[in-house]
Amino acid sequence: MADTHTATPYGLAHHFDDVEQQREAGTLGMWAFLITEIMFFGGLFLAYILYRSTFPDDFAAASAHLDWKLGGTNTGVLICSSLTMAMAVYHSQTGNKKWLIICLLLTMILGAAFLGIKAYEYHDKYVSHLIPGFDFHWTGHGSPKHVEMFYYLYFVMTGIHALHMIIGLGIMTVITVMARRGRFTPEYYAPIEISGLYWHFVDIVWIFLFPLLYLLGAHIHH
Amino acid sequence: MESEVQNKAPRTHYINARYGLKSWLFTIDHKRIALLYLASITFFFFLGGLFAVLIRLELLTPKGDLVQAETYNRFFTMHGVVMVFFFLIPAIPATLGNFLIPLMIGARDLAFPRLNLLSWYIYVVGAVFTLIAIVGGGVDTGWTFYTPYSTTYSNGNVLLTGIGIFITGFSSILTGLNFIVTIHTMRAPGLSWFRLPLFVWSHYATSLIMVLGTPVIAITILLLAFERIAHVGIFDPKLGGDPVLFQHLFWFYSHPAVYIMVLPAMGVISELVANMTRKNIFGYKFVALASIAIAIFGFLVWGHHMFVSTQSVYAGMIFSILSYAVAIPSAVKTFNWTATLYKGSISYNTPMLYAFGFIGFFIIGGMTGLFLAALGLDIHVHDTYFVVAHFHYIMVGGTIMGYLGGLHYWWPKISGRMYPEGWARFAALVIFVGFNLTFFPQFLLGYQGMPRRYYAYPDEFQVLNVMSSAGASILGVGYLIPMVYLFWSMRYGPKAGSNPWGAFGLEWRTSSPPPTENFKVTPVVTWEAYEFSPVEETEVIDISTP
Ligand SMILES: [Cu+2]
């Protein structure tokens with residue numbers, strides 16, 4: 001594509017001096033965005049910690065009703081997707097288009113698998129009347145009000161996380177299409193690297209959500 | 001040279017580069033986006049002002065004769081919501097900051113021009129939601145949306161307003177992100193951090209708060225909305241929740257938000273003081289780092305809003321001490337500005353008048369802030385007009401002095417025309433007098449015990465309230481005058497050269513108005529900030545001319 005000799009290198013926007021400056025700006029921008037995300041989730045984690053320490057028994061009893069095996073599987077799925085994403089970045093740097101696309105597709109498949117398992121879990125909670133504010137019934141141990149609060153936090157936290165996953169899949173789709181069209185070169189791969197940062201961040205959020213929500217009451221048998 | 005000939009022909013600049021509504025609505029030029037913001041925030045300023053007029057009209061008499069409590073609650077809520085989220089927070093960063101940061105650092109645009117346009121659209125979408133909420137009857141919770149009233153009992157349009165603020169918050173986040181990246185990566189060769197104009201430093205500090213604080217209010221509003229919709233949640237005690245958690249989350253953003261408003265104004269004042277005295281700012285590095293210190297300290301003092309809402313007394317003590325600590329970097333700035341004046345060749349033109357106004361308001365607002373940070377005294381003045389007067393002096397007086405001072409100072413750069421100096425000085429005086437007359441009596445009212453947010457009051461408070469309402473009408477007139485003459489000057493004002501003030505800084509080294517790409521040649525900086533020297537005046541070159 002860059003067969004015509006122009007003054008501007010391929011992929012360089014008009015207001016940057018060189019590709020390096022542009023890549024630096026993009027990466028820093030994504031890091032700054034991820035910091036806002038940490039603050040955004042931070043509010044939720046604070047609320048969780050506050051009420052978990054105020055109602056420890058109720059929260060543990062509520063947590064016992066989550067399936068830690070499914071949550072654990074999903075954790076594994078996401079870690080694998082982070083690996084394939086990291087490999088995608090590597091292959092974009094070395095200019096290996098075929099493996100770049102394979103890795104991106106694998107990442108997307110793993111992401112979709114995560115969402116599938118999540119949807120199954122949500123459905124299960126719906127069937128067992130564990131959706132807060134929506135015909136919520138609790139017959140087990142603990143105060144139903146506080147158990148409902150646990151499930152409220154569970155749905156808000158995992159729901160916002162799932163929303164981030166869906167956005168991530170959208171980004172991956174765009175990136176894959178661009179990769180197929182040969183838009184990336186070993187000099188110009190910043191969009192993949194930056195999308196990768198986002199993907200890893202969403203994974204890391206889950207790494208925190210999993211023990212807080214699923215493992216809290218995993219020792220209790222119901 | 002052919003530059004003589006070129007000056008005769010109509011020069012292409014960012015305003016006449018393209019014509020038509022589309023060329024504005026789809027622009028990615030930071031200067032045009034700044035003007036889009038300028039138009040939007042001006043609209044909201046006068047809308048918020050309208051509610052202020054209604055409030056002051058009702059408070060003219062002790063009885064509730066114009067409106068009753070329910071309507072009055074909506075008036076002050078909408079006044080607060082509109083002014084805080086749709087005027088004060090974007091006021092300086094989104095307009096002057098957007099316009100000037102790339103110019104001041106010798107860049108062709110912000111790092112993410114499309115994101116910048118997106119920020120404006122997000123602001124507009126949030127604004128539309130809030131406007132619908134207002135037209136549909138408004139909200140009555142106060143701009144603080146305290147739970148459980150807002151989640152459970154209020155019958156106003158809490159949801160719509162909340163969604164509006166939630167959306168607009170992202171415009172603020174993206175603006176801050178754009179500034180941070182721009183200042184890090186787009187500086188011209190030779191422009192090291194300690195050569196940056198102080199305006200850029202203060203915007204960097206502001207952006208840190210925007211990026212770190214705004215997401216917290218976003219998640220807080222989201223949780224409030226869920227709780228209001230589904231009647232499950234974490235704030236209402238009836239649901240097992242804690243309303244004080246809401247206050248913690250709310251003030252974690254909303255206290256630093258004051259610095260989102262006032263830090264950019266401080267940046268403007270630093271530019272004005274340096275350039276209108278033709279001296280480097282006394283203690284440049286201290287003033288620069290004081291901005292960062294204010295941003296950091298600002299995140300550690302939110303508890304001073306909760307001295308009387310079940311917060312432990314030990315937490316209260318720590319928050320009290322930390323609130324005092326914010327006074328240190330603030331005082332560093334104030335002392336350094338005044339020290340800069342010493343033996344400077346001061347021009348008493350309109351921008352400088354606003355700078356003096358800022359320093360005055362900031363001292364009064366800041367000192368009364370120390371009253372409020374004192375644990376014992378705060379019990380007496382908490383939730384009274386003393387608080388109202390204090391934060392209006394800081395966030396309104398301070399921010400608007402900075403905003404108007406900056407607008408006048410950079411108006412020749414923005415529009416290419418001079419404003420009428422006589423009228424402008426007159427308006428500055430009217431605003432200064434009107435503001436003091438409006439808000440100083442409120443300190444006295446509050447100290448005597450008049451609570452805020454009431455539509456009626458005992459007879460003995462009437463004299464001071466009449467003074468305040470009279471001041472508000474003078475203030476209103478004062479705000480209208482610049483509206484008129486700035487519009488007038490866009491067409492009829494005398495043409496301004498590249499550098500009508502003989503000021504320092506890269507923005508004055510390109511033509512007025514600047515070309516779309518700001519600089520035809522990327523400038524190389526070999527000088528320190530505000531390095532005024534007698535020769536400098538003659539050395540100002542218009543490097544935008546090819
Ligand atoms: Cu505060």
Side-chain angles (χ1 to χ4, degrees), chain A residues 13-18 20-52 54-55 58-59 130-136 142-157 159-160 163 194, chain B residues 28-30 102 107-115 169-170 173-174 176-182 184-186 188-189 207-208 210-223 226-227 229-235 238-242 244-246 248-249 252-253 516-518 522:
Chain A
H14 78 283
H15 58 294
F16 289 112
D17 290 333
D18 50 48
E20 186 47 38
Q21 187 191 30
Q22 175 168 334
R23 202 177 71 92
E24 217 176 276
T27 314
L28 182 63
M30 182 47 85
W31 276 109
F33 176 73
L34 295 182
I35 288 168
T36 72
E37 290 276 31
I38 291 174
M39 298 307 288
F40 187 78
F41 278 101
L44 288 171
F45 281 108
L46 175 76
Y48 174 90
I49 290 163
L50 175 71
Y51 292 113
R52 185 234 174 284
T54 317
F55 316 119
D58 300 331
F59 266 44
L130 286 177
I131 296 189
F134 188 79
D135 196 19
F136 185 87
S143 141
K145 204 158 68 176
H146 301 155
V147 170
E148 191 171 8
M149 190 189 275
F150 173 88
Y151 276 100
Y152 170 76
L153 287 168
Y154 165 78
F155 274 104
V156 174
M157 291 168 108
I160 292 175
L163 186 67
I194 292 164
Chain B
I28 50 167
D29 181 351
H30 66 103
R108 288 187 284 278
D109 207 318
L110 288 174
F112 309 115
R114 280 199 192 81
L115 195 69
F170 285 92
I173 291 175
L174 296 179
L177 187 151
N178 221 336
F179 286 176
I180 290 178
V181 176
T182 305
H184 268 282
T185 60
M186 311 277 288
S207 305
L208 289 179
M210 286 171 153
V211 162
L212 291 172
T214 322
V216 177
I217 192 81
I219 189 68
T220 311
I221 293 174
L222 205 60
L223 289 170
F226 289 152
E227 189 157 337
I229 297 168
H231 305 291
V232 279
I234 55 169
F235 296 134
K238 271 207 304 200
L239 304 168
D242 188 348
V244 181
L245 174 65
F246 175 84
H248 276 288
L249 290 169
F252 182 82
Y253 166 74
T516 303
E517 66 277 32
N518 291 349
T522 304

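Computation of the quantities below employed the complete heavy-atom set of this structure, encompassing side-chain atoms and omitting hydrogens, waters and symmetry-equivalent molecules. All values reported here derive from a predicted model rather than from experimental measurement. Order of the sequence lines sets the chain letters (A, B, ...), proteins ahead of strands, with each chain counted from 1.
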Using non-hydrogen atoms and a 4.5 Å limit, figure out which bit of [X] sits close to chain A: side chain, backbone, both or neither.
X       : result
A107(B) : neither
L249(B) : side chain
L239(B) : backbone
L110(B) : backbone
N178(B) : neither

Is chain B contacted by the side chain of [X], its backbone, both, or neither, given a heavy-atom distance below 4.5 Å?
X       : value
F55(A)  : side chain
E148(A) : side chain
I38(A)  : neither
L50(A)  : side chain
Y51(A)  : side chain

For [X] versus [Y], what's the shortest heavy-atom pair and its separation?
X       : Y       : result
G133(A) : V232(B) : N-CG1, 3.4 Å
A47(A)  : L245(B) : CB-CD2, 4.1 Å
I219(B) : G43(A)  : CG2-CA, 4.0 Å
F40(A)  : A218(B) : CE1-CB, 3.9 Å

Determine whether F16(A) and M186(B) satisfy the following criterion, side-chain contact (heavy atoms from CB on, under 4.5 Å), listing intermediate values before the conclusion. CA-CA 8 Å; F16(A) 289 112; M186(B) 311 277 288; 3.3 Å; yes
Quick one: do E20(A) and T185(B) satisfy side-chain contact (heavy atoms from CB on, under 4.5 Å)? Show the steps, please. CA-CA 10 Å; E20(A) 186 47 38; T185(B) 60; over 6 Å; no
Can you tell me how far the [atom1] atom of [X] sits from the [atom2] atom of [Y], to the nearest 0.5 Å?
X       : Y       : atom1 : atom2 : answer
T516(B) : H14(A)  : OG1   : NE2   : 9.0 Å
N518(B) : H15(A)  : CG    : NE2   : 11.5 Å
I180(B) : L28(A)  : CD1   : CG    : 7.5 Å
I234(B) : Y152(A) : CD1   : OH    : 5.5 Å
L153(A) : L223(B) : CG    : CG    : 8.0 Å

Considering only heavy atoms and a distance below 4.5 Å, find which of P215(B), A230(B), G240(B) pairs most often with chain A. P215(B)
Contact winner vs chain A - I229(B), D109(B), L212(B), I173(B), heavy-atom pairs under 4.5 Å: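 Of the candidates given, the most pairs with chain A belong to L212(B).
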Would you please test Y253(B) and M39(A) for side-chain contact (heavy atoms from CB on, under 4.5 Å) and show each step? CA-CA 11 Å; Y253(B) 166 74; M39(A) 298 307 288; over 6 Å; no
Derivation and outcome, side-chain contact (heavy atoms from CB on, under 4.5 Å), residues T54(A) and D242(B): CA-CA 11 Å; T54(A) 317; D242(B) 188 348; over 6 Å; no
